Each structure stands twice: as structure tokens, then as C-alpha cells.
2 protein chains.
Amino acid sequence: MLLPRRRTTENVSQARRRQDRTAVADTPRTSRTTGRRYGLRPTMKDVAARAGVGLKTVSRVVNGEPGVTPDTERRVRDAIAALGFRRNDSARILRKGRTASVGLVLEDLADPFYAPLSRAVEEVARAHGALLINGSSAEDREREQELVLALCARRVDGLVIIPAGDDHRYLEPEIEAGVATVFVDRPAARLEADAVLSDNFGGARAGVAHLIAHGHRRIGFIGDLPRIHTAAERLRGYRAAMAEAGLEVDASWVALGPTDPERVRADAERMLADRNSPSGPVTALLTGNNRVTVTVVRVPAVRERRAALVGFDDFELADLLTPPVTVIAQEPALLGRRAAELLFRRLEGAGDAPRRVELPTRLVPRGSGEVPPSS
Amino acid sequence: MLLPRRRTTENVSQARRRQDRTAVADTPRTSRTTGRRYGLRPTMKDVAARAGVGLKTVSRVVNGEPGVTPDTERRVRDAIAALGFRRNDSARILRKGRTASVGLVLEDLADPFYAPLSRAVEEVARAHGALLINGSSAEDREREQELVLALCARRVDGLVIIPAGDDHRYLEPEIEAGVATVFVDRPAARLEADAVLSDNFGGARAGVAHLIAHGHRRIGFIGDLPRIHTAAERLRGYRAAMAEAGLEVDASWVALGPTDPERVRADAERMLADRNSPSGPVTALLTGNNRVTVTVVRVPAVRERRAALVGFDDFELADLLTPPVTVIAQEPALLGRRAAELLFRRLEGAGDAPRRVELPTRLVPRGSGEVPPSS
DNA sequence: CTGAAAGCGCTAACAA
DNA sequence: TTGTTAGCGCTTTCAG
């Protein structure tokens with residue numbers, strides 16, 4: 001060993017010069033202002049050397065552990081400030097095993113429905129001193145799995161997942177290895193795991209019942225891809241309400257698919273004008289989520305109150321549109337908060353059976369859902 | 001050393017039993033399905049032992065390095081699958097020095113302006129194989145610093161920051177240590193650093209000039225907190241346009257403050273009805289960001305076209321309101337993309353002087369900004 | 001109150 | 001082609 005023993009005055013540069021002999025020459029840049037080398041970080045050892053104390057003493061000061069005299073502490077703090085030391089959490093994590101971070105996997109960071117959800121998760125994580133690492137699956141199963149496993153390799157303590165995939169058995173070894181996992185908005189597939197969901201079935205059923213109560217008999221449903229749990233549940237709610245009212249559902253009244261505006265608009269216009277349908281065009285629509293709704297509100301028949309509309313999910317400014325949009329409101333922030341709280345309860349050791357939490361939805365009548373059927 | 005030397009058949013449980021003698025009893029739970037212990041992860045050493053190969057061979061297989069016979073590789077892969085091994089990236093990061101992750105600090109994950117921005121950053125990060133760690137500052141300087149330093153302790157390779165603070169010198173040691181940093185939406189304060197901004201001054205000036213061109217002389221400005229760079233720049237643009245038209249600005253026409261709806265509504269209504277102002281109430285408003293705008297569109301005078309409105313920032317459904325809202329549009333996704341691209345260019349070694357990129361804004365006339373002044 | 005030594009799980013360098 | 005050794009920077013243990 002060439003390393004000096006203790007209480008030496010070896011500094012960062014000296015220490016690193018040693019290392020440089022073996023290190024890859026990683027574009028060595030130099031600070032224009034201080035002349036200090038870029039990319040070189042002082043370590044606790046450097047701080048210890050500079051302060052003339054042992055390594056462990058520095059560790060104690062950095063972590064606020066007791067048992068350090070004020071004078072020693074001051075010397076250490078001075079050295080830390082002089083060197084610009086910042087603890088390397090990678091090493092800490094490696095040693096401690098816990099990362100104090102949780103992963104969040106959702107479909108699209110920019111979807112206004114998920115924004116409050118992720119903010120809520122972040123708030124809870126922050127309250128527990130954890131960082132949030134997140135990524136979007138873009139509704140792609142492979143990308144979801146890739147992301148989740150990357151987060152597991154980072155050894156996040158826990159995961160909050162809005163699943164895109166339809167088989168989550170790949171998570172079994174991770175969960176067994178101790179990664180707490182909570183699914184939100186949609187349940188896990190082929191895996192027993194905690195889930196926090198909205199009452200999608202009941203919400204959709206209530207929305208359709210509302211339209212029926214306002215005289216509609218021919219009601220269309222435009223929803224998301226059928227493999228998405230929420231889309232399937234809402235369709236089920238739609239069918240249940242129709243059946244309960246003794247109404248048949250014409251196959252042309254149901255359109256599921258991607259939520260891109262062209263597809264949605266085409267389906268809405270077809271349903272509202274369909275002369276080929278045996279029973280004529282629909283007089284009302286239930287839209288399956290906020291992306292679908294904000295497209296359908298642009299359809300002339302809806303704007304001109306020739307067709308009724310109830311949208312799943314509330315959205316900003318819904319009450320200022322013409323007509324104001326009646327919605328089935330979820331509470332995305334609450335979904336996120338409950339999921340994150342459940343996650344941290346698991347991390348604190350709660351080991352009871354996987355739980356399924358279902359949050360109620362709320363019908364908010366604003367006008368578009370109370371438009372009477374046009375003959 | 002008690003450790004068996006090589007090609008032993010020691011397995012995870014045996015290895016961990018050793019460890020257990022010293023480990024903190026960390027709520028040892030047991031899987032209900034497999035009986036395997038929770039929280040214990042096989043390591044490369046375990047895999048090597050099981051496959052009957054050396055540690056480095058496992059490393060080669062896991063990292064796709066060449067120089068492993070297909071047969072050996074298969075044995076290693078079998079062992080990996082049997083053990084449910086997943087590489088521990090903490091250790092990898094510690095050794096390699098690079099984390100393949102970037103940090104994003106913004107004001108509020110749920111603000112619709114920042115959502116596309118963060119999505120864009122994520123897309124670019126993903127394209128470069130990096131994970132995104134993010135957090136919100138909630139417009140609080142201390143929380144920003146806390147977050148940024150936590151990310152630095154994690155040794156993120158780079159940072160994209162929407163700053164809330166007014167002094168970023170605390171970042172100097174980090175930047176010198178090699179953390180690439182790009183500010184977006186707002187520049188760094190007291191620090192030379194890359195920044196990607198919108199033309200806030202020019203945008204606001206164009207918006208006010210637009211109102212003046214439509215006959216308005218008494219124009220109010222409702223903006224965000226004056227310490228926020230964008231708010232200050234937009235106010236400056238407002239004043240410039242007024243001055244260029246030879247119009248005096250009454251002190252009561254400018255209101256800066258937090259964007260909570262109560263404050264904003266009160267200011268708007270005061271300005272639009274102010275009989276105390278020497279020159280009478282304003283006939284038009286420039287709102288300083290999307291949060292302010294969505295509150296002001298609810299004010300009766302605006303809805304009834306008794307006052308004109310131009311809003312800074314475009315927002316979803318702006319064109320469907322009554323009247324449709326004229327806006328000065330930024331491109332939040334482009335801001336994010338350019339910032340992230342600049343960041344990765346820095347990470348790839350671009351060492352030229354800090355750059356300041358300014359993106360143009362675009363006036364989108366839709367109706368509310370073309371309302372003539374009411375006498 | 002303080003510090004030396006061991007080792008977290010991985011990768012880099014160097015043998016064999 | 002494969003394996004051995006020496007750390008990465010920290011925390012833990014245990015001895016002063």
C-alpha cells in the first residue's frame with residue numbers, strides 16, 4: 001500500500017494524481033475560475049486528512065451522529081467547506097442497502113390526469129425523505145418492464161406503477177427481494193399486489209344512468225384501448241347501465257381505440273350521424289377519459305347541444321365550455337396520495353395481505369349531460 | 001477469510017446466513033409463496049458460484065461483453081434466472097463514477113406548462129439511456145437548493161433546473177466537480193451557466209402592442225411574483241410596449257403576486273372597475289402566465305367581452321372558451337428538449353462557454369385580444 | 001470521544 | 001477464454 005497512513009496532509013489533487021495513473025483519461029477539463037480539476041470529488045478521506053481526524057469522525061459529523069466534540073466538529077466542517085465535499089450517496093446506498101428513493105412509472109407525464117397524481121406521490125415521498133425517480137411507459141408493455149427493472153436495478157425501495165402491461169409476473173422476484181410495489185389507477189395483471197383504483201365501473205354506470213334519466217335511449221361509448229383496465233371497466237359500467245334500463249346496445253355505438261384526436265373525432269361523428277345503424281344515430285355520448293372528452297367537445301353536434309355528453313374524468317375549464325361539460329370526476333391526487341401512503345406503510349414493515357383500495361367517483365352535472373335527446 | 005474460494009456450491013441463503021450474523025435484524029419477512037427470504041438479493045458472486053464460473057465471467061455476461069463461450073454464457077444465464085439475479089446498479093455506479101441519470105428540478109409537476117417540458121426532458125434522457133430523477137421546488141429557494149444538492153449527492157450526471165432561487169452560487173463546487181447543469185425557462189442567478197429561455201420580454205411587448213393596435217390605451221398587467229425572472233421580463237415587455245406607444249402606466253394597472261385565484265381575481269376585478277384610478281378602469285388585460293389566465297377568463301367583464309384579454313402561455317381548450325383566448329404561445333416541449341439536448345452535449349464533452357438560447361414566442365389571435373375598448 | 005479495519009457488489013487491470 | 005485482485009467511498013464493528 002502506498003497510501004499515507006493518517007493525519008497526513010494529502011489533499012484531493014494528490015490523492016487523485018495517484019488514481020489518474022490508472023483512470024481512463026476522461027476528457028480532463030479545468031475550471032476557468034479556480035483552476036481546480038473538473039470531475040474530481042473530494043472524499044471523506046480527503047476531508048479527514050485535511051481536518052487531521054479519522055475517517056469515521058468525518059462520517060459522524062456528516063451524518064449528525066453524536067459523540068464528536070464541538071471543536072473537532074468545527075474542524076471537520078471547515079474542511080468540508082474548503083474542499084466542497086458532498087457525500088457520495090452511491091457508496092452510502094451500497095453499504096446501507098436502502099436508497100431512500102421510490103420509482104414512479106406512469107403512462108405519460110404530460111397527461112393532465114396523471115400530473116396531480118405524480119405530484120401527490122412526490123409530496124408523500126418528500127415527507128418520508130425519499131426522492132422520486134420516474135419515467136413514462138407510453139402505454140407500451142415492454143417499455144414498462146424495461147423501466148421497472150431499471151428502477152429495481154437501482155434498488156429503489158419501492159415502486160408506484162400505473163401499469164401498461166398485461167402480465168406483471170416479471171415483478172415476482174423483485175417483490176420477493178423486498179421491493180414494495182403499489183399499483184395505481186389500474187391493477188396488476190397475473191400478480192397479487194396492492195392496488196389503489198377508482199370505481200370505474202360504478203362511475204360509468206352512473207354516467208349512463210344519468211343520460212338515461214334525461215331521456216336518452218341511444219347512447220354511444222367512446223373509450224380507450226380495450227386492453228387497458230380502466231377502459232374495460234368503464235365499458236362494463238356502460239353496458240350494465242344500458243342493460244338495467246332494458247336498452248339494447250348496437251355494436252356501432254361502442255368504439256374503443258387509441259385516444260388520438262382523429263380516431264376519436266371520426267368515431268364521434270359517425271355515431272352522431274349514422275344513418276346505417278338500424279336504430280338511427282346516438283343522441284348522447286359517454287367518453288372514456290379526459291383525452292377523449294377534450295376531442296369530443298369540439299364536435300359541432302355537442303357544441304350546438306344537439307347531442308348530450310358525459311365525460312369520464314374532470315378537467316380544467318370544463319365548466320367554462322359551451323355547453324359546460326358534465327363529468328364523472330375522479331380524484332387523481334387522492335389516488336396518488338393513497339398509493340404512496342400505502343407504499344410507505346409497506347416500507348415501514350406492514351406485511352399484511354395485498355390490499356385493493358377503491359375510491360368513489362362523483363358525477364358533476366354541468367349542462368352537457370342534461371341536454372335532452374334530439375328527435 | 002471464511003469465504004469458500006471458487007467453484008463452490010454456496011448459494012444465496014448460505015452466503016446470507018453468514019451476513020446475518022452481523023446484519024441488523026431488518027424485520028425478516030418470509031415470502032408466502034416460495035419461502036425465500038425477503039430483502040435478500042443474490043449477487044454476482046452467488047451467480048458465479050451456482051454457475052461454477054468466476055465472478056468476472058458473470059459480469060461479462062451481464063454486461064454483454066465479448067469473450068465468453070456460448071456454453072459458459074448459457075450456464076451463467078441459467079443461474080441468473082434460477083436465482084432471480086438483478087445487477088445492483090449502486091455498486092456499478094460507485095465503481096464507474098457515472099450514474100446514467102439526470103435530475104430535473106421544476107416548480108410544480110402538475111402545472112400544465114411544465115408537464116410537456118418535463119416529458120420532453122424525459123424523452124431525451126431516455127434516448128441517451130439515462131433515467132430521470134425529479135422533484136418540485138414549489139417555488140421555494142431552500143427547497144430548490146435542498147433538492148439540487150440531494151441530486152448531486154446521488155451523483156446525477158447532469159441537472160436541468162427551473163430555478164426558484166435567486167442565488168445559485170451554491171452550485172459552483174458541483175459544476176466544477178463535473179455536474180453538467182442547464183437552466184431552463186429562467187436563467188441562473190449569480191452564476192454563469194447554460195440557459196434555455198423563451199423571449200419573455202418580446203412576447204409580452206408584442207401582446208401589449210396587439211392590444212394597443214386594437215385601440216386600447218388603458219391596459220393592466222397581472223403577473224407572478226416579481227422575483228421570478230419570467231414575471232419581471234414580461235412586466236418589462238409590458239412597460240416597453242406602453243412607452244413605445246407614448247402611454248403612461250398608472251401604478252394601479254400593475255399587479256404582481258402569487259398566482260392563487262383569489263388574489264388574481266381580486267386584482268382583475270379591481271382594475272376593471274376602478275373608479276378611483278385617475279384615468280378610469282382598464283379596458284384590457286395582459287395576464288402573466290397560464291395560471292393567471294385561467295383565473296381571469298372567469299371574470300364576467302372578460303366573458304362578456306367588455307374587456308380584452310391577452311394571456312401569456314397557450315393552454316388546452318383556450319380556443320373553445322367564450323371568447324376564445326388570444327395568447328402569446330411558448331413552446332414548453334421545445335424548451336425542455338433544447339435544454340436536455342444541450343445537457344447531453346455537455347455530458348459528451350462540449351466544453352465551450354455557457355450558452356444562452358432564446359426561443360421565440362408567437363402571438364395567437366383568437367378573439368379575446370381583439371375585443372375593442374368599451375367606452 | 002475517536003479511529004482502524006472490513007466489506008457492501010460491482011468493474012478495471014492484469015494475469016494465466 | 002477465463003479468473004484473480006484491488007479498489008470505488010461509504011458505514012459498521014469493535015478496539016482504544
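No experiment lies behind these values; they were computed from the predicted model shown. By convention in this document, chain letters (A, B, ...) are assigned in the order of the sequence lines, proteins followed by strands, and residues within each chain are numbered from 1.
Side-chain N or O atoms of A:Glu144 include one that pairs as donor or acceptor with a backbone N or O of A:Ala164 at under 3.5 Å. Looking only at distances, a side-chain donor or acceptor of A:Asn88 sits under 3.5 Å from a matching main-chain atom of A:Ser90.
In this model, no side-chain donor or acceptor of A:Arg92 finds a partner on the base of D:dG9 within 3.5 Å.
Rounded to an integer number of Å, the gap from CG of B:Asp89 to C1' of C:dC8 is 15 Å. Rounded to an integer number of Å, the gap from A:Arg87 CZ to D:dG9 C1' is 11 Å. Spacing between atom NZ of B:Lys45 and atom P of D:dT5 amounts to 13 Å, rounded to whole angstrom units. Atom CZ of A:Arg86 and atom C1' of D:dG9 are 16 Å apart (whole Å). Atom pair A:Arg98:CZ and C:dC8:P shows a separation of 19 Å (rounding to whole Å applied). The interatomic distance linking B:Leu55 (CG) with D:dA6 (P) rounds to 14 Å, in whole Å. Distance CD1 (B:Ile93) to C1' (D:dG9): 13 Å, rounded to an integer number of Å. Rounded to whole angstrom, the span from the CG atom of B:Leu94 across to the C1' atom of D:dA6 amounts to 13 Å.
You'll find the side chain of A:Leu131 reaches within 4.5 Å of the side chain of B:Ile133, heavy atoms only. A 4.5 Å side-chain heavy-atom check between A:Thr72 and A:Thr57 finds at least one atom pair inside the cut-off.
Remark on the helix from C:dC1-D:dG16 to C:dA16-D:dT1: inter-end axis angle 30°, axes from five-pair C1' superpositions, rounded to 10°.
Electrostatic pairing of A:Asp71 and A:Arg74 counts as a salt bridge here, judged by a charged N lying under 4.0 Å from a carboxylate O.
For A:Met44 and B:Arg95, each mapped to the nucleotide of DNA chain D holding its nearest heavy atom, the one lying further toward the 5' end belongs to B:Arg95.
Residue A:Lys96 is classed as a sugar-phosphate contact, given heavy-atom separations below 4.0 Å to backbone atoms only.
For the side chain to side chain donor-acceptor pair (under 3.5 Å) condition, the pairs that include at least one residue of residues 146-158 of chain B, sequence neighbours left out, are A:Arg126-B:Glu146, B:Thr99-B:Asp157.
Proximity note for B:Lys56 (side chain, C-beta onward) versus C:dG9, D:dT4, C:dC10: the nearest is D:dT4. For B:Val53, taking side-chain heavy atoms from C-beta onward, the closest of the listed nucleotides C:dA4, D:dG3, D:dC10 is D:dG3.
The aromatic rings of A:Phe344 and A:His128 lie parallel to each other, with less than 30° between the two planes, well short of the 60° mark.
Of the residues in residues 59-72 of chain A, those placing a heavy atom less than 4.0 Å from an atom of DNA chain C are A:Arg60, A:Gly67, A:Val68, A:Thr69, A:Thr72, in numerical order.
No hydrogens or angles considered: a donor-acceptor pair under 3.5 Å links the side chains of B:Glu122 and A:Ser136.
Of all non-hydrogen atoms in B:Gly103 and B:Leu151, the two that sit nearest each other are CA-CD1, 4.0 Å.
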